[in-house]
Engineer: 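One structure follows; several queries about it will come next.
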Amino acid sequence: MCSVNRSAQKPNYRDPKLCRDYLCGLCPYELLTGSSHGVCQREHNPQCRAQYQYDVRNDAGKSFESDHYNSLKAFLTRRDQGSKGWNHRILNLHPQPETIQQLKKRVDEATQEWLLKMDAVDQLAGEKDKDAAVAAAQEEVQKKSEDKHKLEGELRAALDKEGCLPPPLRLCEVCGTFIPHQMPASHQESKGHLAYAKIRETLKELSDRRAARAQY
């Protein structure tokens, strides 16, 4: 676990010893606690995070969002660089048409979106006065589920048409874990996979905001 500054002096969220990812709301190492990724080398201080988020609401110029974006991007780049070589080897051993590979990617993305919406519903369900938000989120879950099933049907049809057999093992593009073809669903619901999905979702949201600001 990351340490907390217990100094008698009032902590300052600009202290370089503090984790800016944590201050912004998501530290990858905290999500992946207990994994082989190790622990965050900077301090996590709830008091500083509360003060930081209060100040940013009143003055966006104090935001560490740019640092947060760069940090998450670097974290995922290190993960993805280690996966590319292994994925290439698997495809060489079990070659499949590009159309099949793209469909598989779309199925994985749709499944991931569905799981994240399910997680959002679970989080809202524990809060008061959130009935309308829960109902809206449940509608999104249903839509994502329908999208996922439609793509899964398209993939099965494409595999049958091409006469392809899926490889016995594949590399998850979200978290970089090797998974047997027969158990993708249980893997996608695992803690580590959902943690990486959340990191990627957060990075995409940050990227979209950067792109929107660049238009003005």
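Keep in mind it's a predicted model, so treat the numbers as computed, not measured. Numbers here simply count residues along the sequence, with the first being 1.
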Engineer: Could you give the distance from SG (C19) to CZ (F64), rounded to the nearest 0.5 Å?
Structural biologist: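 Taking SG in C19 and CZ in F64, the distance rounds to 11.0 Å.
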Engineer: What heavy-atom pair brings P28 and I199 nearest, and what distance separates the two atoms?
Structural biologist: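 It is CB-CD1, 3.7 Å.
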Engineer: For F75 and L203: C-alpha separation, side-chain torsions, deciding distance, then whether side chain to side chain contact (heavy atoms under 4.5 Å, CB included) applies.
Structural biologist: CA-CA 10 Å; F75 182 88; L203 181 61; over 6 Å; no
Engineer: With salt bridge (charged side-chain N to carboxylate O under 4.0 Å, His left out) as the rule and sequence neighbours excluded, what pairs involving residues 207-216 come up?
Structural biologist: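 Every salt bridge (charged side-chain N to carboxylate O under 4.0 Å, His left out) pair that includes a residue of residues 207-216, provided the two are not neighbours, is E65-R209, E65-R213, K204-D208.
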Engineer: Report the C-alpha separation of T177 and Y196 in whole Å, then their side-chain angles, then the decisive distance to 0.1 Å, and conclude whether the side chain to side chain contact (heavy atoms under 4.5 Å, CB included) test is met.
Structural biologist: CA-CA 11 Å; T177 301; Y196 266 104; over 6 Å; no
Engineer: Among residues at least two apart in sequence or on other chains, which ones pass side chain to side chain donor-acceptor pair (under 3.5 Å) with Q138?
Structural biologist: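 None.
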Engineer: In chain order, what residues pass the side chain to side chain donor-acceptor pair (under 3.5 Å) check against Y52, with sequence neighbours excluded?
Structural biologist: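 For Y52, no residue satisfies side chain to side chain donor-acceptor pair (under 3.5 Å) once neighbours in sequence are set aside.
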Engineer: Could you check whether any side-chain N or O of R106 sits under 3.5 Å from a backbone N or O of L151, counting only pairs where one atom can act as donor and the other as acceptor?
Structural biologist: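 No, because the side chain of R106 does not come within donor-acceptor range (under 3.5 Å) of the backbone of L151.
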Engineer: Give, for atom SG of C48 and atom NZ of K17, the distance between the pair rounded to the nearest 0.5 Å.
Structural biologist: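 Rounded to the nearest 0.5 Å, the SG-NZ separation comes out at 10.0 Å.
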Engineer: Quick one: list whatever passes side-chain contact (heavy atoms from CB on, under 4.5 Å) with S207, sequence neighbours left out.
Structural biologist: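 Applying side-chain contact (heavy atoms from CB on, under 4.5 Å) to S207 gives Y69.
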Engineer: With sequence neighbours left out, write down each residue that passes salt bridge (Lys or Arg N to Asp or Glu O under 4.0 Å) with R20, or none if nothing qualifies.
Structural biologist: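 With neighbours one apart ignored, the set is D67.
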Engineer: Kindly say whether K73 contributes a backbone atom to a donor-acceptor pair with the side chain of T77 at under 3.5 angstrom?
Structural biologist: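 Pair found, side chain donor or acceptor close to backbone of K73.
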Engineer: For K143, check salt bridge (Lys or Arg N to Asp or Glu O under 4.0 Å) against everything at least two apart and list the hits.
Structural biologist: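 With neighbours one apart ignored, the set is D147.
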Engineer: Using modelled atom types and a 3.5 Å cut-off, is there a donor and acceptor pairing between side-chain atoms of Q41 and backbone atoms of V39?
Structural biologist: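 Indeed, once roles are kept as given, a pair shorter than 3.5 Å links the two residues.
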Engineer: How would you list, by chain and number, every residue that makes a ring pair (Phe, Tyr, Trp, His ring centres under 6.0 Å) with Y22, sequence neighbours excluded?
Structural biologist: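 With sequence neighbours excluded, Y22 shows a ring pair (Phe, Tyr, Trp, His ring centres under 6.0 Å) to H44, given in chain and number order.
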Engineer: Roughly how far, to the nearest 0.5 Å, is the CG atom of L194 from the SG atom of C175?
Structural biologist: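 Rounded to the nearest 0.5 Å, the SG-CG separation comes to 9.5 Å.
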Engineer: Output all residues satisfying ring pair (Phe, Tyr, Trp, His ring centres under 6.0 Å) with H193, sequence neighbours left out; order by chain, then residue number.
Structural biologist: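 H193 satisfies ring pair (Phe, Tyr, Trp, His ring centres under 6.0 Å) with H187 only.
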Engineer: Side chains of D55 and Y13 only: does a donor on one sit below 3.5 Å from an acceptor on the other?
Structural biologist: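 There is such a pair between these side chains.
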Engineer: Taking side chain to side chain donor-acceptor pair (under 3.5 Å) as the definition, give me every residue that meets it alongside Q102, ordered by chain and number, with sequence neighbours left out.
Structural biologist: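 By the side chain to side chain donor-acceptor pair (under 3.5 Å) rule, Q102 matches E98.
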Engineer: If the condition is side-chain contact (heavy atoms from CB on, under 4.5 Å), which residues does E139 pass it with, not counting sequence neighbours?
Structural biologist: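 So E139 forms no side-chain contact (heavy atoms from CB on, under 4.5 Å) with any residue.
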Engineer: Could you list the residues that satisfy side-chain contact (heavy atoms from CB on, under 4.5 Å) with E146, not counting sequence neighbours?
Structural biologist: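 Checked E146 against side-chain contact (heavy atoms from CB on, under 4.5 Å); matches are Q142.
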Engineer: Could you go through the side-chain hydrogen bond (donor to acceptor under 3.5 Å, both in side chains) check for Y29 and D21 one step at a time?
Structural biologist: CA-CA 10 Å; Y29 296 97; D21 289 330; over 6 Å; no
Engineer: If the condition is side-chain contact (heavy atoms from CB on, under 4.5 Å), which residues does K198 pass it with, not counting sequence neighbours?
Structural biologist: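 With sequence neighbours excluded, K198 shows a side-chain contact (heavy atoms from CB on, under 4.5 Å) to L26, L31, E201, T202, given in chain and number order.
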Engineer: Determine, for D80 against R200, whether the closest basic-nitrogen to carboxylate-oxygen distance falls under 4.0 angstrom.
Structural biologist: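 Salt bridge present between D80 and R200.
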Engineer: Nearest 0.5 Å, please: how far is CZ in R42 from OG in S71?
Structural biologist: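 It is 9.0 Å, given to the nearest 0.5 Å.
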Engineer: At what distance, to the nearest 0.5 angstrom, does CD of Q53 lie from CG of N58?
Structural biologist: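 Rounded to the nearest 0.5 Å, the CD-CG separation comes out at 12.5 Å.
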Engineer: Please step through side chain to side chain contact (heavy atoms under 4.5 Å, CB included) for the pair N45 and Q47, ending with a clear verdict.
Structural biologist: CA-CA 6 Å; N45 187 308; Q47 180 184 352; 3.2 Å; yes
Engineer: To the nearest 0.5 Å, what is the distance between NZ on K191 and CG on L32?
Structural biologist: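 The CG atom of L32 is 8.0 Å from NZ of K191, to the nearest 0.5 Å.
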